[in-house]
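A note on names: the letters A, B, ... follow the listed sequences, proteins ahead of strands, and every chain is numbered from 1.
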Amino acid sequence: MVSGEKGEQAGRPGEQAPGGEQLALIRETVRKAKEPRAKPRTWRGAALAEGLPVARVLVDKGLVHLDQFFDYAVPAAMDEDARPGVRIRVRFGARVVKGRREGGTLHDGFIVERRADSDFAGPLAPLAQVLSTEPVLTPALLRLCRQVADRYAGALADVVQLAVPPRMARAEREPSPDPLPDPAPPAPGPWTRYPTGPAFLQALARGDTPRAVWLALPGPHWPLELATAAATALAAGRGALVVLPDGRSAARVDAALTALLGAGRHVLLTADAGPEERYRRWLAVSRGAVKAVVGTRAAMFAPVADLGLVALWDDGDSSHAEPHAPQPHAREVLLLRAREERTALLLGGITGTVEGAQLVDSGWALPLAAAREEVRAAAPLVRTVGDADQARDEAARAARLPSLAWRVTRDALAHGPVLVQVPRRGYVPRLACDRCREPARCAACSGPLEVREEGGTPSCGWCGRPAADWHCQECGGFRLRASIVGARRTAEELGRAFPKVPVRTSGRDTVLATVGAAPALVIATPGAEPVADGGYAAALLLDGWALLGRPDLRAGEEALRRWALAASLVRPAGQGGTVVVLAEPTLRPVQALVRWDPAGHAVRELAERAELRFPPVARMASVTGPPAALAEFAELVRLPEGTEVLGPVPYRVPRAQGGEGWERLLYRVPPGQGGALAAALKAARVARAARAAQLPLLLRMDPPDIG
DNA sequence: AGCACGCCGACT
DNA sequence: GTCGGCGTGCTC
């Protein structure tokens, strides 16, 4: 059986979120004693709605961090329209002068509940206006937002802003199309390439909740596989949600689903559509007219009715992390939904993440991968060019192009396009000695040397001093190695070496979705690789050195991810597909690529994290701010038992917003305690805000930049 | 977060 | 004598 029905075990998804406590905490602040009165008093004697004269309101921008609801009186005239979930406008922040309310600014908000009475002791202000009768913040969506807010120690209003798109009146006026009948179940198609693939679909078709961490075979079939899974859920009468890291991949799944089911049974929720069309599609989902959603990050909140399957593609892609507060990650939100809404889960990618490996390790999800011979049949041949090879290769040194790479390119160009993956421009890796690879450091302050522009003088990344006459402290070498410059130049060399072959580039400003099957050199930055018709004949991965040189916990996972994504666009080895990666063959991610064993890599990474007690084997949170703010916070917070406090240490604030002299405090708790930690941090933040909190403070669950 | 009320220094 | 400093408390 593919299904992991045996109940929630230890590990994050099964974590019994002390969200309950959190809810209680918030309710207490609303329910400050006082027994309810028969009739709420109100300002101005206007007639109130008869049945349920009180509306509990989520005020959009006022007091966000206090995270509480406010009760308003419902005028009789608004009784009909003021339903739970609708957008309203209220006066907030007024003050009483000589028995009259004065001032108060209009705020947008949502009605979360209609009630017979209020817990609030004072007189209630009336709702100012019902903006729209569309119940957008439905009880189910509200519950999800609440859980995400608790999970991330954030405010409900912040999450709601992420989950409910801005209103577009025109789209709202139009009726949504009538829902289509459930489709017939699709054929398993390429899923038969995986031993447990058909079983996963069958469980889905039965309405079970199978949960799988899926390692997709390299090649062009994964969009159809995702679409097939979604269509199977639909055929079983349930909804489906597929989240992808970018518009291009979402468009591919959208196309596959349209090919499978025709139009009208799903919507594509991406930024490309524009706000009005996007809202129109979102409404179709919210109204239950459409039961399947394919989209990018923000679609993770899509209010799909009777959700039966959540699927996430390539969860290692950093764009799955929402940049806005409280910075929820699509993987975590979808795991939450899978648990709370009792849905199947499909966490897929060409490679995996440690988080995925942990889901398998805990038994909550089952691995879904192809057999070894199937992998061998689908994967390209991977060859490495390490330092030793390059050093030996005199011709290569002269041409700045390893001869293996040159030969592979020449041979492959006879059969089709060749992909050249180069590091992203503007990405500045550390410089190192060309001879011994020792990182190049500033003679004055030991900061890392950088080259800001191609051909420029290297300078210190800390103190800014130029280092024109640098020489290596270790070996006396005087040549610097900068992989960006090197790789870009290599790409240029290639273009010159094959003058008759067209060169196409895909990167930041112009990202190509596809290229044809004709011979061409396709230069692309990671993540911007076009899909080649019939697959690339070969790929050169020139940024190995840059990817692995980063002092990041995820450097290895990320390097493997980017290489494998590029390599997955290359034809299988049996059809001559070859990949050359310029990286040390002894390194773990390089070996994983050569053997095409991303699962093994993730498992080893997980074991290492467990040993170091690094996330996701522990849960962490960071608090960043001026030392005084940290001290104040540390005094206020009541941490759950067993919390480790790390730091504070000086911390450079990423954005210019912060300031000099900030520090960062890390909290670490064992797995299963994340919810308790989040609740504690949130309580402290609320307590701090209730006082006069003028010092800035950034709070973050699962900080991404540790190690 | 805003915004006003509230008790102590240098100005017409 | 008054204008105004920002400390503290409230917002349905």
- Item | Atom-pair distance (CG on A:Leu697; P on B:dA1), nearest Å | 11 Å
- Query: Among all residues two or more places apart in sequence or in another chain, which pass the side chain to side chain contact (heavy atoms under 4.5 Å, CB included) test with A:Ala273?
  - Reply: A:Glu277, A:Arg281
- If you draw a 6.0 Å radius around CD in A:Glu80, do more than 12 non-hydrogen atoms from other residues or ligands fall strictly inside? no
- Atom CZ of A:Arg167 with >12 non-hydrogen neighbours under 6.0 angstrom: yes
- Rounded to whole angstroms, how far apart are CD on A:Gln68 and P on C:dC12? 11 Å
- Mark this stacking check for A:Phe70 against C:dC12 as yes or no, applying ring centres under 5.5 Å and ring planes under 30°. no
- Item | Atom pair distance, as rounded to whole Å: CZ in A:Arg95 and P in B:dA4 | 7 Å
- Message: In whole Å, I'd like the distance from the CD1 atom of A:Ile88 to the P atom of C:dC12.
- Response: 12 Å
- Nearest-Å distance, NZ (A:Lys61) to C1' (B:dG2)? 14 Å
- Query: For A:Arg91 and C:dC12, what is the distance between atoms CZ and P respectively, to the nearest whole Å?
  - Reply: 11 Å
- Take atom CG of A:Asp67 and atom P of C:dT11, then tell me their distance rounded to the nearest Å. 18 Å
- Looking only at B:dA1, C:dG9, C:dC12, the nucleotide nearest the A:Leu63 side chain is B:dA1
- Item | Whole angstrom value for the distance that separates C1' of B:dG2 from CD of A:Glu102 | 16 Å
- Apply ring-ring contact (aromatic ring centres under 6.0 Å, His included) to A:His107 and list each qualifying residue two or more places apart in sequence or on a separate chain. A:Phe92
